[in-house]
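Here is the structure we will look at.
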Amino acid sequence: MKHIQSINGKARRIEAHLAEEAGAASAGNHDVVGLEGGGPPQPNLPLGCTFLFSPGWETDSTGGTAGLCSPVERDLFDCHLGCFWPAQVPDQLNHAPDWIGKCATAQKDWRNIDLVFP
Amino acid sequence: MTQFAARDFHPFEAGGNRYLYLVPSAGVVRLDRASDAVLSTVAQEPGSVGELTSRLSDRFAADEVASAVEELLHIQAIGVAAEPRKRMLKVLPSSAVPLQTMVLNVTSKCNLACTYCYEYGEDRVVDEEAAEMPRFLDEETARQSVDFMFEEAGPNPVVNLTFFGGETLLNFPVLKTTLAYARERGDALGKKVQFSLTTNATLLKPEIVQWLIDNEVGVTVSIDGPKEMQDRFRVFHNGKGSYEVVLPKIRDLLQRHTAKPIGARVTLTRQNLDIIGIYRHLSEEVGFQQVGFAPVTTANGRDYAIEDGENGYDLMLQQFQALAWEFLEYTVAGRRHAFSNVTETLEEIHKGVSKAYPCGAGVGLVGVATNGDVGLCHRFAGSDEHRLGSVGEGIDVEKQREFLDRNHLANKTDCHTCWARPLCAGGCYHEAHTRYGSTEHANLHYCEWIRAWTHTCLEVYGELAERAPHVLERIGN
């Protein structure tokens, strides 16, 4: 900043944050900077639902496509919980809190998932 | 055209320059002439960039005004006039806060009978007869407390164990075994434990001093000053003053225990307000490296309560200010100054601490009573109403969460327009409990005092930034 000088630790952090935001804005990156590197090198982890225990439907846990969402039935309802890209599901907070109440394991019980009419 | 208006900050001056303490971020910035002029103009009357440029056209070029407005907007010293002010967010810690400090009451007994004492006096929190509190911490509970401390410390690599009382040295045998056990467990777990203790110094003996040295125990001595002040309230049960007893013992301690600064902790009362005299005596004549003052905690109307006005809080403030300015001159000259009230506040200003809670009580700090009950801090240890759990069962996370919810700064509406809230956050829970009957109440009786004192500390901080910036880098290290 030209007119204002940061004196204590907090002011310097504010200034650094502003500079970072300005840099990101001028580079055209607004939001998803965390996913695009910039900063110290990160280990190359697959993103989204594939990197933990829920295999995904874009790539599987090895980065290939052979083991996509297995069992396939999981993507009926599991994506909205375990995946960074939430699937469209009923409003379970207000309207249909128990819509998966009878589905203990997707592979066996997926037929018990409630039909929900908005 | 967008109209801009001033937001929350507190201005102060140092070395002829204008500084701002930003609220609530707690950033400290120095303004140049252009940004100072823009801010002063906006504070008088909101305006657009165009209006500000024309109001300041005799002194600053249009692009200077525009860039100053932009920077002031960025640091949120000004904002868009039509937009509502940001409401205070209430963000509770998302998960259990690891313990940093455990204050362990090794005894609730004391060989002195200081009239004003919050543990025994008229304003005590814990009714000992009703609670049937053991007078001494036993070894079993002490070990459990240490295990509890490491358990609750989670990933923290360093934990602080502070022994407190009563008079801690009345239970020296348990102090010794507890410290040894904590050290052993710390080594096994790969954690460092920093030990400290508060004492009235009456029971110090050469071998105890040697133990403190050998174990690198930090020591705080409760003492009120020269003989006539010490002997007014700090008396034995038979009414005899304690000064003559403690002085040689303190001198021995200060002479030999040199690895850690030994602090004096002075309780100020209506009758005992010669702060500068006390400071001179304790730092220069006795030799304490740190001297800190705290006004007595008391309900209103007690004989020793510090009153409002020129014979009370004002007198205290003037002397605090005089010592703060003396601290500045000493520091600029590269000399050590022992007034620890100013160093503590400067450290918080330097970091830019912005608090949602006045202190770490219940979040990172707990007090453990002699029966193993875990309370908010040492002042509440043993109080059923302020119990967070026990060393056997651990901290009751629900209770802790409820406490944090009830005591958040966002609930203290009295504080929402105060610029000093990032540092004060409503003040001591125990003081509030004693004065107003609830930890949730802001300590309104010393607001003016806190603001004036914080303002002085900001000015001292600014002067250090002007005259000895290298010192700022050392603060907190």
Side-chain angles (χ1 to χ4, degrees), chain A residues 1-43 45 47-54 78-87 89 91-94 97-98 100, chain B residues 9 12 14-15 17-39 60 63-78 346-355 422-423 457-458 461-466 469 472-473 475-477:
Chain A
M1 292 189 286
K2 184 176 133 204
H3 299 282
I4 296 171
Q5 190 184 350
S6 300
I7 304 295
N8 71 349
K10 183 62 76 63
R12 279 196 287 272
R13 276 170 59 194
I14 294 171
E15 191 176 353
H17 175 73
L18 291 170
E20 205 173 276
E21 274 195 336
S26 64
N29 313 331
H30 287 286
D31 275 325
V32 231
V33 282
L35 300 182
E36 300 190 352
Q42 301 287 329
L45 288 171
L47 287 163
C49 50
T50 55
F51 73 108
L52 276 179
F53 308 110
S54 296
D78 193 47
C79 302
H80 79 284
L81 285 175
C83 184
F84 85 108
W85 190 260
V89 293
D91 166 17
Q92 56 189 354
L93 283 180
N94 305 302
D98 298 315
I100 53 169
Chain B
F9 56 81
F12 60 99
N17 286 314
R18 172 75 81 175
Y19 283 71
L20 297 183
Y21 179 64
L22 301 167
V23 181
S25 73
V28 175
V29 295
R30 175 162 45 205
L31 303 183
D32 71 351
R33 285 177 55 247
S35 51
D36 183 14
V38 168
L39 189 60
F60 301 102
D63 62 330
E64 287 281 289
V65 173
S67 58
V69 166
E70 191 180 349
E71 289 182 17
L72 288 166
L73 259 179
H74 277 145
I75 62 165
Q76 299 183 8
I78 62 174
L346 287 180
E347 196 177 319
E348 292 194 323
I349 293 172
H350 185 60
K351 284 183 190 153
V353 175
S354 183
K355 302 173 184 171
L423 282 167
C457 289
L458 285 168
Y461 183 78
E463 289 292 339
L464 281 174
E466 296 281 331
L472 296 188
E473 301 310 318
I475 294 181
N477 294 333

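What you are looking at is a predicted structure, and each value in this text was computed from that prediction instead of being measured. Note on naming: letters A, B, ... go to the chains in the order of the sequence lines (proteins, then strands), and numbering restarts at 1 for each one.
Residue Glu64(B) touches chain A through both its backbone and its side chain, counting heavy-atom pairs closer than 4.5 Å. For chain A, no part of Leu20(B) is nearby; none of its heavy atoms comes within less than 4.5 Å. Contact of Ile14(A) with chain B is made through the side chain alone, with heavy-atom distances under 4.5 Å. Of the atoms belonging to Arg12(A), it is side-chain heavy atoms, and not backbone ones, that fall under 4.5 Å from chain B.
Here the NE2 atom belonging to His17(A) is positioned 10.0 Å from the NE2 atom belonging to His74(B), to the nearest 0.5 angstrom. Considering CG of Leu73(B) and CG of Leu18(A), their distance stands at 11.0 Å, rounded to 0.5 Å.
Not a single donor-acceptor pair under 3.5 Å links the side chain of Asn8(A) to the backbone N or O of Tyr21(B).
The two residues Lys2(A) and Asp32(B) come nearest to each other via the heavy atoms O-OD2, 4.2 Å. Minimum interatomic distance between Ser6(A) and Val29(B) (heavy atoms only, all atoms of both residues): CA-CG1, 4.2 Å. In this structure, Ser354(B) and Lys10(A) approach most closely via the heavy-atom pair CB-NZ, 4.0 Å. Contact record, His3(A) with Glu71(B): N-OE1, 2.8 Å, taken as the closest heavy-atom pair.
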**OP:** Apply side chain to side chain contact (heavy atoms under 4.5 Å, CB included) to Ile75(B) and Met1(A), showing your working.
**Re:** CA-CA 10 Å; Ile75(B) 62 165; Met1(A) 292 189 286; 3.9 Å; yes
